[in-house]
Amino acid sequence: MNQNVKDYVTQKVNELLQAPSCCAEAKAAAQNWLDALGSTQETEQTEKLIAELEMDIVPIDGLIAFAGSEAGIQVFGEEKAKQVVAHAQEIKADGAVYCDCPACMAVAAILEKKEELLQN
């Protein structure tokens, strides 16, 4: 991958690590990727990072379904769950494909560079 892509993805990986909504598995994959930069493990960790992020990014319909469920109400609280559903429906109507929390936004930005990341 070229240096501009590496720098951009490194910035987005650091944003992901700072995102309160980032799950432990994505944080581990992100940190492992950062630790592997410039090493013989870089390609392997890049592939693992991409695989993890593809599993973790939340499609907008998944967010709507989760926030509107009993589990979502338990996580967010009743009022916040309603707000999340309304917000998700609004951004979906505007064309959003994924959740717009800080973690998902960083993941989406990283995944946009997937092909370039996988180039040797």
Inset, instruction - Report the residues that fulfil side-chain hydrogen bond (donor to acceptor under 3.5 Å, both in side chains) with Asp7, sequence neighbours left out, ordered by chain and then residue number. - result: Gln3

Legend entry - Qualifying side chain to side chain donor-acceptor pair (under 3.5 Å) pairs, either residue in residues 58-73, two or more places apart: Asp61-Lys92

Legend entry - side-chain hydrogen bond (donor to acceptor under 3.5 Å, both in side chains) against Asp35, all qualifying residues, sequence neighbours excluded: Gln31

Inset, instruction - Applying side-chain hydrogen bond (donor to acceptor under 3.5 Å, both in side chains), name anything that partners Lys6, two or more places apart in sequence or on another chain. - result: Glu42

Legend entry - Which residues share a side-chain hydrogen bond (donor to acceptor under 3.5 Å, both in side chains) with Glu15, sequence neighbours left out: Gln11, Lys12

Legend entry - Option from Val9, Ile50, Leu118 for which side-chain contact (heavy atoms from CB on, under 4.5 Å) with Lys113 holds: Val9

Legend entry - Same apolar cluster (I L V M F W Y, side chains within < 4.5 Å links), Val58/Ile73: no

Inset, instruction - Please list all pairs passing the salt bridge (Lys or Arg N to Asp or Glu O under 4.0 Å) test where one or both residues lie in residues 71-88, with sequence neighbours left out. - result: Glu78-Lys82

Legend entry - For Ala67, all residues meeting side chain to side chain contact (heavy atoms under 4.5 Å, CB included), sequence neighbours excluded: Phe76, Val84, Val85

Legend entry - With Ala88 via side chain to side chain contact (heavy atoms under 4.5 Å, CB included) - residues at least two apart: Ile60, Leu63, Ile64

Inset, instruction - Using a 4.5 Å cut-off on heavy atoms from C-beta on, say whether the side chain of Trp33 contacts that of Thr10. - result: yes

Inset, instruction - Could you note down all residue pairs passing salt bridge (Lys or Arg N to Asp or Glu O under 4.0 Å) where residues 48-57 supplies at least one of them, sequence neighbours left out? - result: Glu44-Lys48, Glu54-Lys114

Legend entry - Residues forming a side chain to side chain contact (heavy atoms under 4.5 Å, CB included) with Ala19, sequence neighbours excluded: Ser21, Cys22, Pro102, Ala103

Inset, instruction - For Thr40, enumerate each residue passing the side chain to side chain contact (heavy atoms under 4.5 Å, CB included) test, keeping only those at least two apart in sequence or located in another chain. - result: none

Inset, instruction - Return the minimal non-hydrogen interatomic distance between Val13 and Leu49, and the atom names on each side. - result: CG2-CD2, 4.1 Å

Inset, instruction - Please list all pairs passing the side chain to side chain donor-acceptor pair (under 3.5 Å) test where one or both residues lie in residues 94-107, with sequence neighbours left out. - result: His87-Asp100

Legend entry - Euclidean distance, Leu117 CG relative to Ile110 CD1, rounded to 0.5 Å: 8.0 Å

Legend entry - Linked, directly or transitively: Met105 and Met55 (ILVMFWY side chains, under 4.5 Å): no

Inset, instruction - Using the rule that two of Ile, Leu, Val, Met, Phe, Trp, Tyr join whenever any of their side-chain heavy atoms come within less than 4.5 Å, decide whether Ile91 and Leu111 are in one cluster. - result: no

Inset, instruction - Treat each ILVMFWY residue as a node, draw an edge where side-chain heavy atoms are under 4.5 Å apart, and state whether Leu17 and Ile57 are in one component. - result: yes

